[in-house]
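Since we're looking at a predicted model, the values are computed, not measured.
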Protein chains: 2
Amino acid sequence: MSFFKGSELYSVDAKGRVSLPAKMRKNLAPEANDTFVVTRGPDDEPCIYAYPLDEWRKFEESLKALNQFQERDRFFVRTLLLWADEVTLDNQARISIPKGLVDFTGIDKTALIIGAIDHVEIWKPETFDNYLNGRTESYANVAQSVMGLRGA
Amino acid sequence: MSFFKGSELYSVDAKGRVSLPAKMRKNLAPEANDTFVVTRGPDDEPCIYAYPLDEWRKFEESLKALNQFQERDRFFVRTLLLWADEVTLDNQARISIPKGLVDFTGIDKTALIIGAIDHVEIWKPETFDNYLNGRTESYANVAQSVMGLRGA
DNA sequence: CGTTCGGTGGGGAAAAGTGGGGAATGTTGG
DNA sequence: CCAACATTCCCCACTTTTCCCCACCGAACG
């Protein structure tokens, strides 16, 4: 199973390609077959989620559990899958970001890549700064409230 | 299982390397494979947490249990993993602190290393002084409230 | 007084990141 | 149905950074 962590500031070339950082490559499960499914993230700030194929398959199961006769479920599924695309690493361990997602995120020249457990996130650096600045609660508080009850 | 205690004031060389104090090295479990995962601590004051690999694996399990479709969980995971990196001891039992964490903590020349049960903390000495000075409650009081209910 | 253990510093080899050109593929318009 | 175009993919080469190894110094201990 994959577990991604760490972050890197990488360049995006004129063809829309970005390398997958070596440390994340090492944490990529062989079952993923060097393939990712990319789509938009769940935040208001536009970012890209890249799931390795093995994790995506699990995620697919949760999607199947939704009821598309519910209007909100339908909206969720449509928006998520509208942006979804399958990409494969080339011999230099790069993926090329689909044009739609490049436009959506405004990524250009430079991308911030963050490992987040079961997926990798790709941000336009300025957007990520805005995201952090928009947080109203300090990390110290959130950490305590999210993790503080373990063992209690 | 590892259990760290004690503290040392060590030098950080131009390449950002710092030795793991010998006494902590002795408490490092063989399962850790001389490898640590470093990331930022949960405090407002910037410090570095270094988990030996075996302890980190346990911590990973708690992270996987979070639901990243919850906004606060996502913020926590991102911030924590943004700074995370895997480092291995060299033949001189040193780790090199990732550049991002050096900048984040402002560490330069000297670092305070503290053993804290399942992880090792690395502080800029001045920051740790500020931390201590910022405490509003006395150690005596906190000791009583944290430990005073045992067996009650 | 010699030896060992612990801390500090620098240089060279290997791996990782970046960029560009050419072939194959798919798509659009005539 | 064919041709021209655009796009994607793949390979090769360069540059930079990281990592690993070797050497030194000092203190503690026998």
Side-chain angles (χ1 to χ4, degrees), chain A residues 4-28 33-38 48 50 53 83-103 107-115 120-125, chain B residues 4-28 32-38 48 50 53 83-103 107-115 120 122-125:
Chain A
F4 300 108
K5 61 181 179 292
S7 64
E8 293 289 339
L9 202 61
Y10 266 32
S11 70
V12 181
D13 66 22
K15 298 179 181 177
R17 295 178 299 188
V18 299
S19 295
L20 181 68
K23 57 188 173 193
M24 301 183 195
R25 209 176 308 155
K26 283 176 185 147
N27 291 324
L28 186 59
N33 255 20
D34 284 354
T35 305
F36 284 83
V37 175
V38 293
I48 299 173
L53 199 54
W83 299 97
D85 204 350
E86 211 162 293
V87 295
T88 306
L89 296 180
D90 67 13
N91 286 5
Q92 285 70 37
R94 292 179 291 195
I95 62 167
S96 76
I97 307 174
K99 192 169 173 311
L101 285 169
V102 171
D103 295 345
I107 287 174
D108 158 69
K109 303 278 183 201
T110 309
L112 176 66
I113 305 175
I114 306 175
V120 172
E121 303 186 357
I122 305 172
W123 291 78
K124 179 187 173 83
Chain B
F4 302 108
K5 59 183 182 295
S7 66
E8 292 288 341
L9 201 60
Y10 266 33
S11 72
V12 181
D13 67 23
K15 293 182 179 177
R17 294 179 299 190
V18 24
S19 295
L20 180 68
K23 58 188 176 192
M24 300 184 194
R25 207 176 310 156
K26 283 173 185 149
N27 291 323
L28 185 60
N33 254 25
D34 282 354
T35 304
F36 283 83
V37 174
V38 294
I48 298 172
L53 197 55
W83 300 100
D85 205 349
E86 215 163 288
V87 295
T88 307
L89 297 180
D90 66 14
N91 286 4
Q92 286 69 38
R94 292 177 293 192
I95 62 167
S96 78
I97 307 174
K99 191 172 173 309
L101 285 170
V102 172
D103 295 345
I107 288 175
D108 158 69
K109 305 280 182 199
T110 310
L112 175 65
I113 305 175
I114 307 175
V120 172
I122 306 172
W123 291 78
K124 180 188 174 83

Please evaluate residues A/Leu112 and A/Lys124 with respect to the criterion side chain to side chain contact (heavy atoms under 4.5 Å, CB included), reporting the C-alpha separation (whole Å), side-chain torsions for both, the decisive distance (0.1 Å), and the verdict. CA-CA 6 Å; A/Leu112 176 66; A/Lys124 179 187 173 83; over 6 Å; no
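- Taking side-chain N and O atoms only, A/Lys99 has no distance below 4.0 Å to OP1 or OP2 of D/dA6.
- Rounded to whole Å, the distance from CG on A/Asn91 to P on C/dG20 is 19 Å.
- With rounding to whole Å, B/Lys109 atom NZ is found 12 Å from C/dT8 atom C1'.
- Between B/Thr88 and A/Arg94, it is A/Arg94 whose nearest contact on DNA chain D lies nearer the 5' terminus.
- Whole-Å rounding puts the A/Leu89 CG to D/dC9 P distance at 12 Å.
- When the C1' atom of D/dC10 is taken as reference, atom CD1 of A/Ile95 falls 17 Å away, rounded to whole Å.
- Computed from coordinates, the A/Asp13 CG to D/dT7 C1' distance equals 14 Å when rounded to whole Å.
- Closest approach to the B/Ser11 side chain among C/dT8, D/dC11, D/dC20 is made by C/dT8 (side chain taken as heavy atoms from C-beta onward).
- Of the candidates D/dC9, D/dC20, C/dT18, the closest approach to any side-chain atom of A/Ser19 belongs to C/dT18.
- In terms of modelled atom types and a separation under 3.5 Å, the side chain of B/Asn33 and the main chain of B/Thr35 share no donor-acceptor contact.
- One atom, CD of B/Glu8, and another, C1' of C/dG6, lie 11 Å apart when rounded to the nearest Å.
- The interatomic distance linking B/Asp85 (CG) with D/dT18 (C1') rounds to 12 Å, in whole Å.
- When the C1' atom of D/dA23 is taken as reference, atom CG of B/Asp90 falls 14 Å away, rounded to whole Å.
- Scanning atom types as modelled, no donor and acceptor separated by under 3.5 angstrom connect the side chain of B/Lys23 and the base of C/dG6.
- Under the salt bridge (Lys or Arg N to Asp or Glu O under 4.0 Å) criterion, A/Asp85 pairs with no residue, sequence neighbours left out.
- Between D/dC20, C/dA16, C/dG6, one nucleotide has an atom nearer to the side chain of B/Ala22 than all others, and that is C/dG6.
- The side chain of B/Gln92 lies closest to D/dC22, out of D/dC9, D/dC22, D/dC20.
- Taking B/Asp103 as the reference, B/Lys99 meet the salt bridge (Lys or Arg N to Asp or Glu O under 4.0 Å) condition, with sequence neighbours excluded.
- You won't find any donor-acceptor pair under 3.5 Å spanning the side chain of B/Arg25 and the base of C/dG6, going by distance alone.
- In terms of modelled atom types and a separation under 3.5 Å, the side chain of A/Arg25 and the main chain of A/Leu20 share a donor-acceptor contact.
- Using a 4.0 Å cut-off, no side-chain N or O of A/Lys15 falls inside it from OP1 or OP2 of D/dC10.
- Interface remark: the A/Arg17 side chain does form a donor-acceptor pair with the C/dG20 base, using a distance-only criterion of under 3.5 Å.
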